[in-house]
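The structure appears right after this line, and notes come after that.
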Amino acid sequence: MKKFFAFATFLLLLCTQSAAADSREHERLKRSIVKIYTTAAAPDYFNPWALLNAKQLSGSGAVIKGKRILTNAHVVANGSFIQVQRHGDAQKFRAQVQFISHDADLALLTVDDNSFFEDTHPLTLGELPDLQEEVTVYGYPIGGKSLSITRGVLSRVEHQYYAHAESYLMAGQIDAAINPGNSGGPVISNGRIVGVAMQANHGAENLGYFVPPSVIRHVLEDAKDGVHQGFPELGAVTQSLESPAMKKAAGIGENQEGALIVKVFSDTPAADVFKPGDVLLEVDGYPVAADRTVEWRENQRTNYHYVVDQYHVGDKLPVRFARDGKVHSAEITLAAAPPSRSLVVREQFDQRPRYYIYGGVVFVPLNMNLIKRWGNNWHTKAPIDYLYARNQWNSEERRELVVALKVLPADVNLGYHDWKNWIIDSVNGHRISDFDEFAQLMENNTEPFVELRDQSGYRMVLDALAAREQEPLILQTYQIPHRHSQGLFSTLANKDE
């Protein structure tokens, strides 16, 4: 009996020591969780020479190797002043963005004062848990200064649209609420980071999404040289090939799988390999199903872009495809993705808008920043022509659209004072390919009049001499510092400076 009690006492001692060790490890982990305070002043795309009122935002982050803080890009986007605060401390430290990937909604911060990192223990990156495994989300949701710890179960892993930059990447889903302020906080399993909390599902209760380890690793690798290249593009657009008739037309058997290539961008290396009508069969050895998915983990499927996203710009991607019933193998050298393949450039951050003023008319390129200036209901409030353009591919002949955003009333523009949100097609009969070309055409005009037309033939005619003569008064009247955005083209920038 004495031996039994001795053994029981020994087990109790071990359990007590283990619990104490776990408690110490938990406290060490919490010391590496950071609250982030951001003052953000976004540009006003309705008045592109000005900024909107500054907003105070907060988010979360985690200390990782290299005296860096890992967080969401949207926590520090357009940030003019950033501070960080450790768990349990009252002092705030000034921080700067070291590297940012808006596509992946991730950012790396650094703090010049090395004392900030004293008594912190960098968290390491782990592997994505299996479905139904429990994970823990650490962060500072709005409404309190104390660290919040919530638990949830990993319920789904697949491609999702990231709300911040509308990119399409792998994401994990957990049944735990992710509230404002939680963004950027680490998702932890077995003491390691297995995700970064990024957004909630507003259509369902207690559902949140996080950036998974595969995306985090890609960004950390991209950040090594400090030059952002982002995720490469395949250079081809595909559609599902589930229709038996379409399979026959594509020249593959009824039991074969693959995705139909419907468009190949001419300015990518893929143009040397693919043709529209080809069937994409494999990507890096992963068979592509008719619904355009691959089995990335046993019994788990996601979009085949998952495979492309594991590569970096300049890497060679092995592919297999069918053309006219014959199977071919090739390698594609992956190139950097352009800002947009659409006529409407997707939302940009941490940069000032481009604009050009002539004769009191404010001209800007059409982009998602402008469209989203209509607020949360931009889907219904923005001009229909703007929304329609989002579904059109750009081309060498037409890379982006130019908009006469509004008219600043003056003598030179009488008759057009109520014109706004007007998409322009040509200047003095010359079709416009992009905003830079448009500004150059306007600036170099030697005709007595400038004639602007849209695709329907409607015209705006401005007296060139009057536009130049009245320009200083117009800028003074409406308190506009410059008649064009800085660096629009060097000759103008130098002249204004």
Side-chain angles (χ1 to χ4, degrees), residues 18-39 57-76 79 81-101 104-129 135-142 144-151 178-179 181-198 210-213 215-217 219-224 226:
S18 177
D22 288 344
S23 178
R24 288 194 298 271
E25 184 62 29
H26 187 60
E27 286 303 314
R28 287 178 62 185
L29 189 153
K30 289 196 292 185
R31 286 290 289 172
S32 297
I33 311 301
V34 175
K35 184 169 185 179
I36 301 169
Y37 300 85
T38 302
T39 301
L57 310 171
S58 69
S60 308
V63 175
I64 64 171
K65 182 180 178 181
K67 294 185 177 180
R68 297 174 296 177
I69 298 168
L70 177 66
T71 186
N72 281 144
H74 75 258
V75 169
V76 294
F81 191 82
I82 303 170
Q83 291 178 297
V84 292
Q85 185 180 41
R86 294 176 301 191
H87 167 66
D89 285 357
Q91 183 180 0
K92 297 176 184 177
F93 292 78
R94 181 73 187 274
Q96 300 85 32
V97 175
Q98 183 186 72
F99 187 84
I100 193 162
S101 170
D105 198 3
L106 292 174
L108 297 172
L109 310 183
T110 184
V111 179
D112 289 338
D113 189 340
N114 284 325
S115 66
F116 172 83
F117 296 99
E118 294 177 0
D119 197 28
T120 63
H121 301 273
L123 301 181
T124 56
L125 196 60
E127 298 299 326
L128 188 69
V135 295
T136 306
V137 181
Y138 291 76
Y140 294 87
I142 289 177
K145 292 188 176 182
S146 299
L147 178 63
S148 170
I149 304 172
T150 57
R151 289 180 172 84
I178 294 178
N179 299 306
N182 267 128
S183 291
V187 180
I188 300 292
S189 176
N190 295 321
R192 294 174 179 267
I193 297 175
V194 295
V196 174
M198 65 167 174
F210 64 85
V211 183
V215 177
I216 299 173
R217 285 193 177 93
V219 171
L220 293 177
E221 181 67 26
D222 192 16
K224 285 183 176 179

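All values derive from a computational prediction rather than experimental measurement. For this chain, numbers begin at 1 and follow the sequence in order.
Contact detail for Ser32 and Leu123: the closest heavy-atom pair is CB-CG, 4.1 Å. Here the closest non-hydrogen pair linking Met198 and Ile178 is N-CD1, 4.3 Å. Considering all non-hydrogen atoms of both residues, Gly139 and Leu147 come closest at O-CD1, 3.5 Å. Of all non-hydrogen atoms in Ala90 and Gln85, the two that sit nearest each other are O-NE2, 3.0 Å. Minimum interatomic distance between Ser146 and Tyr140 (heavy atoms only, all atoms of both residues): O-CD2, 3.6 Å. Summarising the geometry of Val194 relative to Gly126, their closest heavy-atom pair is CG1-C, 4.2 Å, with the distance given to 0.1 Å.
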Could you list the donor-acceptor pairs under 3.5 angstrom formed by side chains in residues 107-117, with sequence neighbours left out?
from	atom 1	to	atom 2	distance (Å)
Asp113	OD1	Ser115	N	3.0
Asp113	OD1	Ser115	OG	2.6
Asp113	OD2	Ser115	OG	3.3

Going by atom type alone, with no hydrogens or angles, which donor-acceptor pairs under 3.5 Å involve a side-chain atom of residues 181-193 and a protein atom two or more places apart or on another chain?
from	atom 1	to	atom 2	distance (Å)
Asn182	OD1	Asn179	N	3.3
Ser183	OG	His74	NE2	3.0
Arg192	NH1	Thr124	OG1	3.0

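Counting only heavy atoms from C-beta outward, the side chains of Phe210 and Ile216 never approach each other to under 4.5 Å. Counting heavy atoms from C-beta on, the side chains of Val75 and Leu57 never come closer than 4.5 Å.
Atom-to-atom distance recorded for Gln91:CD and Gln83:CD is 10.0 Å, nearest 0.5 angstrom. If you take OG1 on Thr120 and NZ on Lys67, they are separated by 8.5 Å, rounding to the nearest 0.5 Å. With rounding to the nearest 0.5 angstrom, the CD1 atom of Ile82 is 8.0 Å from the CD1 atom of Ile36.
When the ring pair (Phe, Tyr, Trp, His ring centres under 6.0 Å) test is applied to Tyr37, no partner is found at least two apart in sequence or on another chain.
Side-chain atoms of Asp105 never come within 3.5 Å of backbone atoms of Asn72 as a donor-acceptor pair (strictly under, hydrogens ignored).
Around the CD atom of Gln96, the shell of radius 6.0 Å holds more than 12 heavy atoms that belong to other residues, nucleotides or ligands.
Each of Ile33, Val34, Val84 was scored for a side chain to side chain contact (heavy atoms under 4.5 Å, CB included) with Val63, with one residue passing: Val34.
One finds no salt bridge joining Glu118 and Arg31 here, because no Lys/Arg side-chain nitrogen approaches an Asp/Glu carboxylate oxygen to under 4.0 Å.
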